[in-house]
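Working notes, structure below.
We name chains A, B, ... by the order of the sequence lines, and we start the count at 1 in each one. What you see is a predicted model, and the numbers here were worked out from it, not measured in a lab.
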Amino acid sequence: MHTMISGKLLLVPLIPMATALLVMAARRKPNLRETFSIAGAALTFLIVLSLLPRVLAGGTWSYELVTLYPGIAVKFHLDGLGMLFAGTSSFLWIAAALYSIGYLRGLKEHAQTRFYCCYALSVGAGLGVALSGSLFTLYLCYEMISIFTYPLVMHHQDERGYYGGRKYLIYLMFTSKAFLLPALALTYVLCGTLDFSVSGIMHGSFPPGSDTTLVTVTFLLFLFGFAKAGIMPLHTWLPDAMVAPTPVSALLHAVVVVTAGVFSLCRVMLSLFGVQLLSQTGLGLFTAYFVSFTIIVASVIALTRTDLKARLAYSTVSQLSYIVLGVALLTPRAITGGLLHITNHAFAKITLFFCAGAIAVASGKKDIREFGGLGYRMPFTMIAFALASLSLIGIPPASGFVSKWFLSMGATDGHNVVILAVLMTSSLLNAGYFVPIVLTAFFGSPPVGEPVASGSLERAPFIVLMVAPLCICALISVLLGIFPDLLLRIVRLMTGG
Amino acid sequence: MDNYLILNTLDYPILSLILILPLAGAVGCLFLRNERTLKIWGLTVTLATAIFSCQLFSRFNPATSRYQFAELRNWFPALNLDYVVGVDGISVLLVLLTTFIMPLCILCSWRHIDVRLREFLIVLLLMETAMLGVFVSLNTVLFYIFWEGMLIPMYLIIAVWGGPRRDYASIKFFLYTFTGSIFLLVAIVALYVTTGTFFIPALMEPNYPFPFQMWIFLACALSFAVKLPVYPLHTWLPAAHVEAPAAGSVILASILLKMGGYGFLRICLPIAPAATLACMPYLIGIALISIVIGGYLALGQSDIKKLIAYSSVGHMGFVTLGIFLLSEQGLKGALLQMINHGITTGALFICVGIIYERTHSREIDHNAALAMKMPRYVTFLGLFCLASFGFPGTNGFVSEFLVLIATFAKYPLAGAAAILGAVLAAAYMLRLLQKMIWGRSDGHGLPEQDRDGQRTLWDLDLREMVTLGFLAALVLWLGLYPRPLLTIMDRSVVHLLEQVEAGTAVVEASAEKFVEAPRTVNPGL
């Protein structure tokens, strides 16, 4: 495996940051500002794309920026896992940047410059997480995400906005200070360095013979420290952050935030602890059972919510734990399934949130029970919604099937009937909360008392700007299911399977 | 003495120069009339001192733990008393901190001080000489003279230019610190009587018997602990901070509090190593209590200055903790934390001064929702608040993390308590930020114009931008590249640890001997 040392790697997080500055500079010219935003997103994606061939060929990129103290360095490293996140994130940013224009202009939102600026900064920090080559870099970028997304979550600046924002920040900051910081310190004490192991996922940075109690404590601190991964009981910030505008929900649920959470957890499990240590100590299996609880319970809660965004939020909580579950099972196929789900979930979930936002802007509806007849007035939106739902339920040909297939195979490899049962139950529950939405939209009758209206709601220019990206995301979500080869190749660079 | 000193090889006596410059500047103030000229004069003098002190940074030899740029002159031969100054890797950083903070103090009182400006500048410059003197003197008498010399100017800054309760605050400050200093004097005299020298490096050599060490340690530690301050000797600090003018608060937080930490490093640890080791658990305990209580009290404050003052108690708790863990990472972290606290807390007090000039209030609720009105101010404030609670990428993180590593390596449970402090720090700083930047939309925000139709809230002007911009650059520089500082302190810290280890080993050995042959007197004395 050949490592290329190149400062090009720095461009990936820096271009979004520069975009933020340009957006701020162009604050008085909305058209220019939004051009910058889209151009920045496209450029970032292209750069990530240009890094892909080397990664696919089994190589890696690496760049060390600065060493603060022996073993504590800001360094970037791009391998298959990082590529998965960086590619997904930077592509979805383009879609989100387009969608935001329609959404914000359609609703005449305030503080749009702040919005675009913070959005770009958050993506930049998220890409920093994807590319981090040391735990310190990861922590640095992870914390930056929390700070930059806060203004987005409380965007409306009303009572609920502040409440959601405060809860968001308290949960994320408390966990990172109370759990992640000591986890970092303990890791340094045990390993003498905060760098990730680059020798593959079997062996982490912990020296053999480390004190098992301390290793266990460190692992648990990490498990609870990455609250962005939404593992119960530290998930409740996610539904409350729903007060934010829909593009922000997309950022939280797909582009950066939760993805960064699970990515960090996967990175720590694979590149810091290593498969061998996790299976020796039994921590892998413990985590698998622990997140199984989240998978089931979050799905059940989702069933009870009738607000579309709230239902989607709990769906996210549940789906994120799939990813962690896959990695925690520690078999190559399970890890493959878990990592694939990072991308598959992101594409499906961003589609669903875009749909929720488009519906809210076009028809003003948020409650699922009022969706009757919507399928005929917003056909593209609802078809995209149906496709993304299929993906998350795990029905072929949508992409979610592939990840769930590998997850099930992984559970079978370990002869673990409990986990298999969890996966199957959860899929049923997923169907239980997604299918009624689609059914109501196409076959339900409009709510009583609503004047009968006809004609498409998807004609207004702003709505087109929203519907186009969501259709693209839905399409890709399906395509990833039909042609899973590219993603599989990237993931297999990590698992070696 | 040559074993300890590397005499100054520059063309001019640099340490004496930076001591005399502010003093001469203070005298110069007497001859100036115009207010503007006075301010510019003060700024020029402090800037010149800062520029000269850059030589200390660029010409410093990090390969030795001996005292550099040293000057040695006969002063009072009968008492074996010389004028001797020099810096090592520990003190040089604090000297630099002092010389760089002082111009900012003058800049931040540009508009703030409108009465007795001349006297204010004189006091400020005298203060600078005294503070630098403490850091460079290698002689307990000089040390004590400068130490006491700081007391009067600081008292005056609070008592003359302070807020409404300045009398109470200044007297409290004076009594607390002066009581501490008395014990320091006793210790200095006792050391002289025992050894016949005032030369600090020579005082570190003998292995004093344990009870003597204990008395020396306790006397000095009391004095330093008041300055630091540790719980429960901290109560003078919030009072003094709240009443002092912005420049006074900055000096107090950035430099004066460092005297305590410096005293521990320069006097307590090397002169009384065995006592240090014996007292270690207690001081670590006190440090942890300071961290947690400081953070907890800061959480409940509605006055911005009080909040920052209590946060200082917590931050200096990390310094105490780092020092008394007696490990390399701990000491380096503590020293770095002193520098970082000086930068960030100084910056925060300047920020408070800036907003106080505009709204004449230090209540958080009266200064809410500034995001739209003062975007530049809010950006700087945000950065300094993040640095203050140890956000990664800022200077606060590096030092806090080093201390945490050292703690977890030795006492994981103590680490848990320190983490609690870190959590509290994030809580009160984010609370402050949230309220000041956006605030709650219940009408607490200030009107943009006061009753006379004057604009009350204007964003930062150039002078304020320069002041805060410089500190912001330091915050990020030291947050990502603390290497130069770590290199400078490396040898001295390692040497200090060796001294402590050697000292404790000898005393342990002699204690064993003492048990075997109770009548043997330690021949070293």
Would you mind checking which part of A:L194 comes under 4.5 Å of any heavy atom in chain B, side chain (CB onward), backbone (N, CA, C, O), both or neither?
side chain
Whatever's closer than 4.5 Å to a heavy atom in chain B on A:I147 counts as side chain
Would you check if the distance from the ring center of A:H156 to the ring center of A:H110 is below 6.0 Å?
no
How far does NE2 of A:H155 sit from SG of A:C118, to the nearest 0.5 angstrom?
10.0 Å
If you round to the nearest 0.5 Å, how far is NE2 of B:H315 from CD1 of B:I291?
9.5 Å
When only pairs under 4.5 Å are counted, which of A:I170, A:L184, A:T137 shares the most heavy-atom pairs with chain B?
A:L184
Using heavy-atom distances under 4.5 Å, tell me whether A:T187 contacts chain B through its side chain, its backbone, both, or neither.
neither
Is the side chain of A:Y119 donor-acceptor paired with the backbone N or O of A:P247 at a distance under 3.5 Å, no angle test?
yes
Under 4.5 Å from any heavy atom of chain A - which part of B:L430
side chain
Checking B:Q329 against chain A: side chain, backbone, both or neither under 4.5 Å from a heavy atom?
both
Which portion of A:Y188 sits near chain B, non-hydrogen atoms under 4.5 angstrom:
side chain
Only pairs of heavy atoms separated by less than 4.5 Å count here; which of B:A409, B:P412, B:P392 has the most with chain A?
B:P392
Side chain, backbone, both or neither: which part of B:L486 has a non-hydrogen atom closer than 4.5 Å to chain A?
side chain
Please check this pair: side chain of B:T407 against backbone of B:A414, looking for a donor-acceptor N/O pair closer than 3.5 Å.
no
Select one option (side chain, backbone, both, neither) describing which atoms of B:F401 are under 4.5 Å from chain A's heavy atoms.
side chain
Quick one: what part of A:Y150 sits under 4.5 Å from any heavy atom of chain B, side chain, backbone, both or neither?
side chain
Under 4.5 Å from any heavy atom of chain A, what part of B:L402 do you find: side chain, backbone, both or neither?
side chain
Side chain to side chain contact (heavy atoms under 4.5 Å, CB included) between A:V243 and A:Y168, intermediate numbers included:
CA-CA 11 Å; A:V243 293; A:Y168 178 75; over 6 Å; no
Counting only N and O atoms by type, is there a donor-acceptor contact under 3.5 Å from the side chain of B:T320 to the main-chain atoms of B:A287?
no
Counting only non-hydrogen atoms closer than 4.5 Å, does A:M154 touch chain B with its backbone (N, CA, C, O), its side chain (CB onward), both, or neither?
side chain
Kindly compute the distance separating CD1 (A:I145) from NZ (A:K228), expressed to the nearest 0.5 Å.
5.0 Å
Any non-hydrogen side-chain atom of A:K8 less than 4.5 Å from a side-chain atom of A:L11?
yes
Under a 4.5 Å heavy-atom cut-off, does chain B meet the side chain of A:F179, its backbone, both or neither?
neither
Is it the backbone or the side chain of A:L169 that comes under 4.5 Å from a heavy atom of chain B, or both, or neither?
side chain
Region of B:A426 in contact with chain A, defined by heavy-atom distances below 4.5 Å:
side chain
Non-hydrogen atoms of chain A under 4.5 Å away: do they reach the side chain of B:V398, the backbone, both or neither?
side chain
For A:F224, look at atom CZ and say whether over 12 heavy atoms of other residues, nucleotides or ligands are found less than 6.0 Å away.
yes
Answer whether the closest heavy-atom distance between the side chains of B:H341 and B:S312 falls below 4.5 Å.
yes
For the aromatic rings, using the six-membered ring if either is Trp, is the centroid distance between A:Y69 and A:F136 under 6.0 Å?
no
Given a strict heavy-atom distance threshold of 4.5 Å, which part of B:L386 is in contact with chain A: side chain, backbone, both, or neither?
side chain
So for B:F389, is it side chain, backbone, both, or neither that comes closer than 4.5 Å to the heavy atoms of chain A?
both
